Amino acid sequence: MVRIQRGKLLAFCLCVMATVFLLITLQVVVELGKFEGKKFKNSHLKDGRAEMEAEPLHLRPFFKRGGLTLNRKRTLAADGFPIMLWWSPLTGENGRLGQCGADACFFTINRTYLHHHRTKAFLFYGTDFSIDSLPLPRKAHHDWALFHEESPKNNYKLFHQPVITLFNYTATFSRHSHLPLTTQYLEGTEVLTSLRYLVPLRSKNHLRKSLAPLVYVQSDCDPPSDRDTYVRELMTYIEVDSYGECLRNKPLPPRLSNPASMDTDGFYRILAQYKFILAFENAVCDDYITEKFWRPLKLGVVPVYYGSPNIADWLPSNRSAILVSAFSHPRELASYIRALDQDDRRYQAYIEWKLKGEISNQRLLTALRERKWGVQDVKQDSHIDAFECMVCSKVWDNIRLQEEGLPPKRWQADVTHLSCPEPTVFAFSPLAPRRRSLREMWIPSFQQSKKEARALRGFHCPLGSLCLLQLKETMTTIFVSISSPLDASGSICSVLTKEVNIWSLFSL
Ligand SMILES: *[C@@H]1O[C@H](CO)[C@@H](O)[C@H](O)[C@H]1NC(C)=O
Ligand SMILES: *[C@@H]1O[C@H](CO)[C@@H](O)[C@H](O)[C@H]1NC(C)=O
Ligand SMILES: *[C@@H]1O[C@H](CO)[C@@H](O)[C@H](O)[C@H]1NC(C)=O
């Protein structure tokens with residue numbers, strides 16, 4: 001009797017399992033159908049993540065295009081130029097013959113060139129790079145190149161070893177990149193040494209009667225660096241004037257209240273009156289340095305900096321900024337700032353490099369001198385032009401080597417090209433609601449991206465099979481991956497790595 005029931009139970013279980021498997025397969029087929037349909041439509045310049053980045057992009061150099069935009073691209077593309085296919089709508093250019101020194105390449109965003117025999121390189125833009133839509137199968141002669149200059153918070157997937165190593169060439173904010181963009185927010189040395197905005201210390205001391213020693217202006221609140229938690233704590237020890245959306249305690253003059261006026265002369269004049277500016281990046285990654293750091297230096301205000309852990313390598317001189325990382329607690333930082341505020345000689349020591357026009361940091365000087373692109377400079381290439389040409393030249397170098405019967409030079413990016421640790425939160429006061437939102441968003445988002453990155457390369461699925469990659473802790477979602485024809489190196493197993501809600505499978 002008992003045995004019969006057991007038999008029935010077993011049959012029932014088998015039946016349920018078979019049904020579940022069938023449903024999953026069905027769902028996967030449906031998802032794959034959606035994916036195929038989406039593949040070529042997925043071309044918004046910015047995805048959801050990118051839109052969250054509310055910081056001004058005023059410094060993005062406008063496109064300077066020396067090349068010819070072609071209507072009869074097909075003829076020309078077939079004329080012997082390697083094709084560089086942008087797997088992103090970033091440039092918006094359907095076809096352009098770009099001249100890079102002695103070499104020329106055809107640059108396009110037109111995905112019909114995917115299977116063209118002369119397509120040699122795929123150019124990706126970090127912010128819209130998506131694992132769900134890659135130009136697969138990757139052929140042996142398909143070089144992949146990554147351009148990623150925006151905030152690291154815009155696409156976490158790229159930081160993980162399985163993803164960054166997909167690329168042969170990179171242009172990122174890291175000094176280790178093939179085309180380092182570390183100084184992309186700095187026009188040159190002249191703006192640093194310029195005294196145009198400098199307010200003399202005597203006036204600053206006088207202005208202290210109505211102004212706080214520190215100023216904070218931020219409109220992108222609660223980013224992964226958790227800067228607002230730090231500043232909120234700091235504010236309990238020292239006065240901070242905050243004009244932006246985040247922690248605002250002071251209104252801007254109405255004529256400056258528009259976010260577009262952040263980079264106007266009038267706004268600079270307001271900031272220049274302060275002794276210290278809180279220059280906190282939205283993400284903490286080596287070499288990720290934005291205008292938040294350079295602006296105070298331009299204005300003759302001392303930056304109190306939090307962001308790139310190796311920022312000391314980029315200071316104009318060894319006494320030009322106060323590094324938050326040197327203090328164990330906001331309390332200590334506050335008392336240091338208060339001491340400088342009360343001691344003109346000690347404060348002035350941080351401005352001395354500017355007064356003397358002395359930039360002693362050779363690394364910074366070399367980086368500015370050797371970069372092949374300009375910032376807000378019509379006479380120079382933009383960093384996108386420089387990236388395109390870097391790839392074009394490397395592709396041509398290998399074409400020439402092969403023509404001579406020599407092996408091509410191998411290029412591969414590694415994790416140092418984008419090194420961003422998992423976001424962490426500051427642990428001072430009890431959990432504020434905003435900090436909870438950070439906990440709930442950035443950390444899981446980073447962990448999720450790590451799983452997806454692993455799923456992309458870490459699992460080898462037999463061709464055409466269905467892999468259930470990961471069961472999440474909650475048991476409500478699973479990763480489903482469909483294997484595709486393998487890429488040239490045999491390492492990419494999936495075209496589709498998706499989270500599927502288990503319950504949705506039953507609602508088919
Ligand atoms: C893309 O290129 C193909 C041929 O290579 C052409 O027929 C098509 O019109 C192009 N698309 C656009 C939007 O220019
Ligand atoms: C800072 O640099 C100056 C010369 O530029 C040097 O004399 C001084 O010792 C340095 N100070 C520190 C603390 O490194
Ligand atoms: C580009 O990377 C792929 C995958 O790692 C590799 O197979 C290919 O040889 C690389 N190409 C060059 C030019 O290094």
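Along the sequence shown, residues carry numbers from 1. Just so you know, ligand 1 is whichever comes first in the structure, and atom 1 is the first atom listed for that ligand. These values consider heavy atoms only, across backbone and side chains, with no hydrogens, waters or symmetry-generated copies. This one's a predicted model, so the numbers in the text were calculated from it and none came from an experiment.
- Less than 4.0 angstrom separates some heavy atom of Tyr113 from each of these atoms of ligand 1: 5 (O).
- Among Thr108, Ile109, Asn94, Thr112, the residue whose heavy atom lies closest to atom 14 (O) of ligand 1 is Asn94.
- An N or O contact shorter than 3.5 Å is missing between Thr165 and ligand 3 by distance.
- Using bins of under 30°, 30° to 60° and over 60° for the plane-to-plane angle, the ring pair Phe124/Trp144 lands in the tilted bin.
- Summarising the contacts of atom 1 (C) of ligand 3 with Asn168, Asp397, Leu166, Val395, the nearest heavy atom is found in Asn168.
- Interface atoms of ligand 3 facing Asp143, defined by a heavy-atom separation under 4.0 Å, are 11 (N), 12 (C), 13 (C).
- Per-residue contacts place Gln412 under 4.0 angstrom from the following atoms of ligand 3 (heavy atoms of the residue considered): 5 (O).
- Shown are His115, Lys120, His117; of these, the side-chain contact (heavy atoms from CB on, under 4.5 Å) with Lys139 is made only by His115.
- Ligand 3 places these atoms under 4.0 Å from at least one heavy atom of Asn398: 13 (C).
- Residue contacts with ligand 3, taken as heavy atom pairs separated by less than 4.0 Å, involve Lys409 solely via the backbone atoms N, CA, C and O.
- A donor-acceptor pair under 3.5 Å is formed between the side chain of Ser177 and the backbone N or O of Thr170.
- Each of Thr183, Asn310, Thr172 was compared with Asp287 under the side chain to side chain donor-acceptor pair (under 3.5 Å) criterion, and only Asn310 meets it.
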Item checked: Pair Asp143-Lys394, salt bridge (charged side-chain N to carboxylate O under 4.0 Å, His left out): steps then yes or no -> CA-CA 10 Å; Asp143 291 353; Lys394 286 189 164 48; over 6 Å; no

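- In this pair, Phe387 and Phe147 present their aromatic rings tilted. The plane angle is within the 30 to 60° band.
- For Lys394, the closest heavy-atom approach to ligand 3 does not fall below 4.0 Å.
- In this structure, Phe159 and Tyr156 have perpendicular ring planes: the angle between them is above 60°, well past the 30° mark.
- The shortest N or O to N or O distance between Arg410 and ligand 3 is under 3.5 Å.
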